[in-house]
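Down below is the structure, laid out as structure tokens.
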Amino acid sequence: MVDWSIAVPSFLTALVEWVEAFTIVLAVSLSIGWRGAIGAALAGLATLAVLTAVSGGLLATGIDIGLVQFVIGVFLLLFGVRWLAKAIARYAGLKPLHDEAAEFAETRAKLSGDWAAGWTVAFKGVLLEGLEVWLVVVALGTRSPGGAGLASSIGAALAALLLTCLVGAAVRAPLERVPENTIKFVVGAMIVSFGTFWTMEGIGGEAVWPYSDWTLLILGAFYLLAGLAAGTVLRNQVQRRVA
Amino acid sequence: MGPFIKTLFGDARNVAVVAAVVVLEFVLIRSGFGREAMLLVPVATMAGVVWLAPR
């Protein structure tokens with residue numbers, strides 16, 4: 001049975017990262033051909049699959065769940081705080097919106113026919129973008145016991161990968177229409193919520209949160225609304241400075 | 001190795017914000033202020049995020 005509280009954040013996080021990875025692979029394919037680019041992407045995905053299997057297996061061996069929650073919570077905070085800060089900066093106009101078209105052109109220009117460089121760029125692109133997917137898949141996947149959580153998380157990440165490949169193959173152009181910053185805002189708030197929840201539960205046990213899992217909704221709403229408010233204030237400051 | 005480390009941990013400012021939040025959680029919860037931590041930690045985390053945003 002699918003655990004939607006795990007599948008949804010896993011899917012959204014994976015979607016953003018796969019779109020970025022796909023853009024790089026697409027640009028590389030124009031320099032070294034589809035066969036080389038897909039080979040590099042598959043090698044990156046295989047490395048990620050091994051990482052997921054090993055880390056998921058280690059976590060299922062019965063080590064102290066409080067410690068696991070704490071460590072994973074810290075990683076989620078490291079990841080989510082960064083995403084939320086970037087989303088606020090982009091919303092406020094302090095940083096340019098992530099431009100897949102620019103990344104596509106830049107990657108293509110860098111390669112100019114060098115097969116080995118192209119293969120490495122595609123491999124590293126898939127591996128590095130996928131590492132963020134791996135972090136969230138493993139972190140959220142260990143939330144429910146018995147492997148159901150990990151299955152939901154992995155399934156959602158694979159669904160996002162499939163969707164990206166299908167849409168990407170259909171349009172065969174950088175995926176500019178995906179509103180990346182909106183997704184990043186929502187996912188950043190969700191990931192920071194999980195990070196706060198788990199680090200505190202890891203330190204103080206379940207009693208820390210009197211509303212148990214419902215607290216995640218409250219935390220998510222708080223981070224999202226506070227992020228939007230902060231973004232609006234910063235945007236007004238930027239506009240005032242320009243005027 | 002650099003991009004790998006940065007992907008996992010972010011930059012030094014990011015690590016500093018998260019470290020400060022975790023220390024605050026630890027001090028509050030272990031001192032018996034768990035209820036206060038519930039309110040203070042999200043606010044402190046958000047303050048760190050807002051501090052990071054323009055940097």
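Below, chains carry the letters A, B, ... as their sequence lines are ordered, and counting in each starts from 1.
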*Please test B:V22 against A:F70 for side chain to side chain contact (heavy atoms under 4.5 Å, CB included), starting from the C-alpha separation and ending with a verdict.*
CA-CA 10 Å; B:V22 172; A:F70 178 75; 3.5 Å; yes

*Among A:V192, A:V81, A:L76, find the one that has a side chain to side chain contact (heavy atoms under 4.5 Å, CB included) with B:V18.*
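The option that passes is A:V81.
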
_Please classify the contact of B:V15 with chain A as side chain, backbone, both or neither, using a heavy-atom distance under 4.5 Å._
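The answer is both parts of B:V15.
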
Which atoms form the tightest heavy-atom contact between [X] and [Y], and what is the distance?
{"X": "B:V41", "Y": "A:Y223", "value": "O-OH, 4.4 Å"}
{"X": "B:E25", "Y": "A:L77", "value": "OE2-CD1, 4.5 Å"}
{"X": "B:M38", "Y": "A:M200", "value": "N-CE, 3.9 Å"}
{"X": "A:A89", "Y": "B:A53", "value": "CB-O, 3.2 Å"}

*Mind ranking A:G195, A:P210, A:G204 by heavy-atom pairs under 4.5 Å with chain B and telling me who comes out on top?*
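Top count of heavy-atom pairs under 4.5 Å with chain B: A:P210.
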
*Would you mind telling me which of A:I203, A:L127, A:T215 has the largest number of heavy-atom pairs within less than 4.5 Å of chain B?*
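Counting heavy-atom pairs under 4.5 Å, the top option is A:I203.
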
*Going through the distances and angles, do B:M46 and A:I88 end up as a side chain to side chain contact (heavy atoms under 4.5 Å, CB included)?*
CA-CA 11 Å; B:M46 204 57 225; A:I88 290 172; 3.8 Å; yes

*Which distance, rounded to the nearest 0.5 Å, do you find between the CH2 of A:W83 and the CG of B:N14?*
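Separation between the atoms: 13.0 Å.
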
*What's the verdict on side chain to side chain contact (heavy atoms under 4.5 Å, CB included) for A:K86 and B:L52, showing C-alpha distance, side-chain angles and the deciding distance?*
CA-CA 8 Å; A:K86 270 188 201 166; B:L52 279 175; over 6 Å; no

*Verdict with supporting geometry, A:T199 and B:F26, side chain to side chain contact (heavy atoms under 4.5 Å, CB included)*: CA-CA 9 Å; A:T199 47; B:F26 198 85; over 6 Å; no

